[in-house]
Amino acid sequence: MKAVCIPCSGAVEIGDFLPILEHPLFQRLRRCRQLGLNDLVFPGAQHTRFEHALGVLARTHLLTMIQRMSDEDARDLEVFALLHDIGHGPFSHQIEPALQKNHHQRGQECLLELSAAIRQCGANPQRIAAMLEEEDPLGKWVSDRNLGADKLDYLQRDAFHIGFVGTPDLDAIQRQTVRSADGSLALQEKFIEDGKRLQKFYSYLHQHGYLNKTALAAQRMFQRAVQEELLLQGDPAIGEKLWPMTDNELMQWLRRSKSPLSRRYVAALENRELYRTCLCIKPDGYAYVENTFGKPIALREWSRQQLSRFSNSLNSLEKLRGLEDELAKAAGLPPGRLLLAAMPYFTKLLPKDLRIANGGAGDYWLFEKDGNHLASLVSDYLRTFAVRLVVPEDHRARLAAAPEALLEILEAR
């Protein structure tokens, strides 16, 4: 028996998994922060993928007992819980748009390297790989977008480290989760209000945490730094070398970059000299949400159709970089001194529909029955959504006072 103590989970039993935990690929997760650069806004957000993986293991161990799983299923699912994020690169999701694949593809490569350790822990490497690809239904107990152990752990853990309060009773939700007749996970109907609170809390974390406007500006500065150096080096294979780096290793690579612009971004991030909003575009009816008191910000509203069309037109960082440089030229700024910090539009960030288990009358989907709840979630996202042009502080007031040339370019997209 061997256990380690982590926030939110208490003592986590790890004795059966030491071959995986002691592998260099897993130890690397100690040096990859769960929320990337968000600690520039929330100083407590220093927790790592390593801590999160152990938390998901703890939640998964509990549910294998609640669901009375066989020893074989329990062991495979617990190993998947440990390794579900093994493919994440430095700074987690924030670097992926600058590279040529995602963390699931990278994860499959890591699983091959970990196959011997997985067998030593009594699990099936092929089945773990199938769970990562969402081809084995058992993996839903970890990966389900509403009720999976991954989701429940990161909501609790991220809120704790950010400093937010009001986390729903996740233990009760986990105990009342069942498998629906169609194979999906479902919440018992008598706990439907707990399910709604779970989705509202997810929405709250996005609105005030993950999509914080200052954090989004820092994220775009970081992405552009990586983008500039990769373009300057001109070798697609360089991107492959970034995946196994830790956060500090990637920052060191950028400090030594050939691109002066990349080095300038890194210095600004390290000194927290972050770009600020000079022009903010909100959905119709939601401009009032933006706090402009005492700030030089031009504020406009667009229809949801226009915002959707604009977001879809920027489906790659190459297109985003081209638009940024066109806007910078119109603003009389050098390339890279004006950036666009835009959120993904709707489909990626609204909570997924929640299956409700109603024994006698049949299971159903929450959004289909409760339109008011769905409308509330949509409103939460519309309050948060914005397209922001961000610039260094010394250019902010000038551009906010005369945004017409910038708006003309944006509206032509």
Side-chain angles (χ1 to χ4, degrees), residues 36-38 40-41 91 93-99 210-232 250-251 254 257 259-282 290 292 295-300 302 307 310-345 384-413:
L37 293 161
N38 278 39
L40 291 172
V41 181
F91 295 96
H93 294 286
Q94 295 176 351
I95 193 178
E96 286 188 26
L99 304 179
Y210 304 142
L211 299 180
N212 175 277
K213 58 187 178 183
T214 305
L216 284 176
Q219 175 180 307
R220 182 56 194 143
M221 293 169 68
F222 165 74
Q223 287 178 347
R224 183 72 187 252
V226 174
Q227 195 177 1
E228 290 297 320
E229 182 61 11
L230 289 175
L231 286 170
L232 188 60
L250 179 58
M251 291 301 283
L254 288 171
S257 64
S259 165
L261 183 54
S262 296
R263 296 196 301 273
R264 187 180 302 121
Y265 283 132
V266 170
L269 288 169
E270 292 181 332
N271 294 318
R272 208 179 180 280
E273 296 170 354
L274 305 180
Y275 285 21
R276 303 293 180 179
T277 303
C278 65
L279 170 61
C280 175
I281 301 172
K282 301 285 290 184
E290 184 73 12
T292 60
K295 300 176 182 178
I297 299 176
L299 189 59
R300 298 291 187 275
W302 281 1
L307 286 169
F310 177 81
S311 296
N312 290 334
S313 73
L314 299 174
N315 56 10
S316 71
L317 288 192
E318 289 77 18
K319 292 180 180 179
L320 181 57
R321 179 178 181 269
L323 176 58
E324 287 172 341
D325 287 352
E326 182 182 357
L327 290 164
K329 183 177 180 181
L333 297 174
R337 298 292 277 174
L338 184 152
L339 299 177
L340 198 153
M343 301 175 188
Y345 193 73
T384 306
F385 186 84
V387 173
R388 298 179 183 278
L389 297 190
V390 296
V391 294
E393 185 67 44
D394 53 349
H395 299 293
R396 188 182 187 189
R398 173 177 66 84
L399 296 178
E404 289 74 18
L406 302 178
L407 282 165
E408 184 177 349
I409 294 171
L410 293 173
E411 290 167 351
R413 297 297 292 183

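Each residue takes its place number in the sequence, starting with 1.
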Closer than 4.0 angstrom, basic N to acidic O: yes or no for [X] and [Y]?
X: Glu393; Y: Arg396; result: yes
X: Glu290; Y: Arg388; result: yes
X: Glu229; Y: Arg263; result: no

* How far apart are the C-alpha atoms of Leu40 and Leu269, what are their side-chain angles, what is the distance that settles it, and do they pass the side chain to side chain contact (heavy atoms under 4.5 Å, CB included) test? -> CA-CA 8 Å; Leu40 291 172; Leu269 288 169; 4.1 Å; yes
* Please work out which of the three classes, parallel, tilted or perpendicular, describes the rings of Trp302 and Phe310, given edges at 30° and 60°. =>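 Ring orientation, 0 to 90° scale: perpendicular.
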How close do [X] and [Y] get, counting heavy atoms only, and between which atoms?
X: Lys319; Y: Ser313; result: CD-O, 3.4 Å
X: Leu261; Y: Pro335; result: CD2-O, 3.9 Å
X: Ala218; Y: Leu274; result: CB-CD2, 4.2 Å
X: Arg220; Y: Leu340; result: CG-O, 3.7 Å
X: Val390; Y: Tyr275; result: O-CD2, 3.6 Å
X: Lys282; Y: Leu299; result: CG-CD1, 4.1 Å

Quick check for you: to the nearest 0.5 Å, what is the distance between [X] atom [atom1] and [Y] atom [atom2]?
X: Leu37; Y: Phe91; atom1: CG; atom2: CZ; value: 5.0 Å
X: Leu333; Y: Leu327; atom1: CG; atom2: CG; value: 10.0 Å
X: Gln219; Y: Asn212; atom1: CD; atom2: CG; value: 11.0 Å
X: Thr277; Y: Leu399; atom1: OG1; atom2: CG; value: 12.0 Å
X: Cys280; Y: Lys213; atom1: SG; atom2: NZ; value: 7.5 Å
X: Ser257; Y: Leu232; atom1: OG; atom2: CG; value: 8.0 Å

* Asked: Step by step, would you call Lys295 with Arg276 a side chain to side chain contact (heavy atoms under 4.5 Å, CB included)?
  -> CA-CA 10 Å; Lys295 300 176 182 178; Arg276 303 293 180 179; over 6 Å; no
Checking [X] side chain against [Y] main chain: does a donor-acceptor pair fall under 3.5 Å?
X: Gln94; Y: Phe222; answer: no
X: Tyr265; Y: Leu254; answer: no
X: Asn271; Y: Glu273; answer: no

* Asked: When you look at Thr214 and Arg272, which way does the side chain to side chain contact (heavy atoms under 4.5 Å, CB included) test go after all the steps?
  -> CA-CA 10 Å; Thr214 305; Arg272 208 179 180 280; 3.9 Å; yes
* To do: Quick one: do Leu339 and Leu320 satisfy side chain to side chain contact (heavy atoms under 4.5 Å, CB included)? Show the steps, please.
  => CA-CA 9 Å; Leu339 299 177; Leu320 181 57; over 6 Å; no
* Asked: Between Ile281 and Leu389, is any pair of side-chain heavy atoms under 4.5 Å apart?
  ->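 Sidechains of Leu389 and Ile281: no contact.
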* Flag side-chain contact, heavy atom, 4.5 Å: Arg300 against Pro403 ->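 Yes. Closest side-chain heavy atoms under 4.5 Å.
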* Asked: Should we say atom CD of Glu408 is surrounded by more than 12 heavy atoms from elsewhere, each under 6.0 Å from it?
  -> no
* Any side-chain donor-acceptor pair under 3.5 Å between Arg321 and Gln223? -> no
